[in-house]
Protein chains: 2
Amino acid sequence: MGDVARHAGVSSQTVSRVSNGYPGVIPETRELVLKAMDELGYRPNSAARALKLGSFHTIGVITFSLEAVGNHRTIQAISVAAAKAGYAVTLIPVDLPTQSGVEHAFGRLEELAVDAVAVIVEVHLLDRAKVVLPRGVPTVVVDSDAGDEYTVVDTDQADGARQATRHLIELGHTNIRHLAGPESSFAAQRRVDGWRESLSEAGLGAKEVMRGDWSAASGYEAGSILLADPDCTAVFCANDQMALGLYRAAAEAGRRIPEDLSVVGFDDSADTPAYSPPLTTIHQDFAEVGRRSVAAILEQLRTREQKPGTSIVPTRFIQRASTAPPAVSS
Amino acid sequence: MGDVARHAGVSSQTVSRVSNGYPGVIPETRELVLKAMDELGYRPNSAARALKLGSFHTIGVITFSLEAVGNHRTIQAISVAAAKAGYAVTLIPVDLPTQSGVEHAFGRLEELAVDAVAVIVEVHLLDRAKVVLPRGVPTVVVDSDAGDEYTVVDTDQADGARQATRHLIELGHTNIRHLAGPESSFAAQRRVDGWRESLSEAGLGAKEVMRGDWSAASGYEAGSILLADPDCTAVFCANDQMALGLYRAAAEAGRRIPEDLSVVGFDDSADTPAYSPPLTTIHQDFAEVGRRSVAAILEQLRTREQKPGTSIVPTRFIQRASTAPPAVSS
DNA sequence: CCCTAGGATGTTTACGTAAACATAGCACCG
DNA sequence: CGGTGCTATGTTTACGTAAACATCCTAGGG
């Protein structure tokens, strides 16, 4: 900056003013400075600026993987919302879903150029690891249970599960199974709860859930076992990908969807309208989750205080073509 | 840091040494400093550190969307490879795939806390926008055509397409159509080229390609049109999601896969083994792309010079169950 | 014509850190 | 017993910026 100032014959402060678009610089001088900047290939140093301003304008996102549909859509939404507020997003990958992996990620957090943190990790792993988020760093926990300590933005998983289950009940199904996500996931657990709740509300029994790991392959395997039960006419899947696996299992078992088997998914991922038949599912508003997360972070940044509490984003039922009344009643 | 030093009764330089784990500090002193750090809740200031060291240990990734399978898998791989080298990854989303969107993203680049940049954007947009990457910022262009100016890491799209097409030719298909990605994509274009090349090599004619936009829905639409041609016995899809759409179109047209219609995809995305039937496809080694991109960036960071050139990551043919010899010959 | 107000620009300073250099203490050797 | 070399620690300095304050100049009013 000093070089530019000398080259333009002004003071470095004037260069700073031009660089930041501050008023009070005569157009003529501005031109001079811009020309000098260009000739010298000047680029502002963000480190110095961050040091001076005390902020990086950056939000860190701690996550395991972008593979899961929910994760990358949430992160995408966060990064767009953050960009809109002039913030960038730094990914902090946790390579292994283990205690040491999480610990390591949080250790790195200390040295990262980040003003705030969004955690998209099953928090029970954090607890188990006895890792505490650095004090004083504004934090939002997304789609997970964080107790009363942090600000939480969460999708209404249980209600989504209830909507899905009630839809199947209304169609007349009585043997409604659930293809659940892994036990380690809070989201999966809450979907199980919603499903179970709706069944008992309707006076229906809940058979044991089958567990997958969110992947389509696991949906196929669990689905194959599930379909061994000839009385099962409807399955609520904890996500769309496992539903896709179930489609395959159904095809191989000679069960037509929706005539012989009704299927409801969860997520409303982009592919579902092109499933064969198009999948009836629960829409998750990831964009809204991202927006609220960023809003909560900005709020904390502004007020400088952690404000525990949970913000619940509603889900929406999307009717497509994978459900029908059970064959016996048709 | 000064406070900690005073509190521990040492110099700030000793605090710095402890903070960075440098040798030459007697354990006793170290303890003293650590205790003081803890009591005062000291946390190192990354801005000051970055200013002093001249590096953020951060790589910026410019991208449109995490939605596309290729994108988020590549970014995931980059972020893991970067983390392994002690680097973090900052997302720089380009909200709109337009000139102004890209320009804006590159403008922000200047003020971002980033040492290097990986560009995962169709580069022709950059050219059209006449945006130049800031000089002096090490840059790697991923999966796109960037001429001789930048270091490029690219998947061997054309060869993948040739493998897919040759497989169908070897099965005896003669009317092999292509469900291509959007014209604006270089990757899509190179897959078209590979397909066309293999056909002409085998003395087969290439009918016009159908275009989708990578989405499953577009695959369904384009596929429906494609299947109006009763002689078409095989389709090479430019990605797996469009293949899923084609599956649906085939089901609705009463064409069984693979008996009546052979399908080959591209990407080997996680869901493909659970398609019904499991999809034969081309595996893209996104992890390798990520690793090479980071390696190239670190190399540039080390040598301080741009080293134009292209690094090609091979693809692999994955045989599953969606292809068979054409019905006429069976 | 002088004084004042306000706009344009310059000067000083501090942000928190780590490298470079300086110093002090101690062990070991001849 | 003095010199030599090493280890542990302290002191000084600079990284590049922007806020705060200081100064200069010009226009306009009395």
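All of these numbers come straight from a predicted model, not from anything done at the bench. Letters go in sequence order (proteins before strands), and every chain restarts at 1.
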- Item | Worked verdict on A:T29 versus A:V10 for side chain to side chain contact (heavy atoms under 4.5 Å, CB included) | CA-CA 8 Å; A:T29 311; A:V10 300; 4.0 Å; yes
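For DNA chain D, if you chain together Watson-Crick or G-U pairs that step i with j, i+1 with j-1 and so on, the runs of at least three with distances under 3.5 Å are C:1-30 with D:1-30.
You'll find the side chain of A:T303 reaches within 4.5 Å of the side chain of A:E299, heavy atoms only. Residues A:V153 and A:V313 are in side-chain contact: their nearest non-hydrogen atoms beyond the backbone lie under 4.5 Å apart.
In this model, the phosphate group of D:dA8 is not approached by any side-chain N or O of B:T14 to a distance below 4.0 Å at OP1 or OP2.
Ring orientation note: the planes of B:Y87 and B:H57 are close to parallel, at an angle under 30° on the 30°/60° scale.
Between B:K35 and B:E31 there is no salt bridge, since no side-chain nitrogen of the basic residue lies less than 4.0 Å from a carboxylate oxygen of the acidic one.
For the pair A:L32 CG and C:dG10 C1', the computed distance is 15 Å after rounding to whole Å.
Each of B:T63, B:V152, B:D154, B:I120 was evaluated against B:V142; a single residue qualifies, B:I120, per the side chain to side chain contact (heavy atoms under 4.5 Å, CB included) test.
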- Task: Do nucleotides 14-26 of chain D as a string where each nucleotide becomes B, S or -: B if the base has a protein heavy atom under 4.0 Å, S if just the sugar-phosphate does, - if no protein is that close.
- Result: BBBBBBB------
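Put simply, the side chain of B:S185 never gets that close to the backbone of B:P182: no donor and acceptor are under 3.5 Å apart. Side-chain N or O atoms of A:D115 include none that pairs as donor or acceptor with a backbone N or O of A:I59 at under 3.5 Å.
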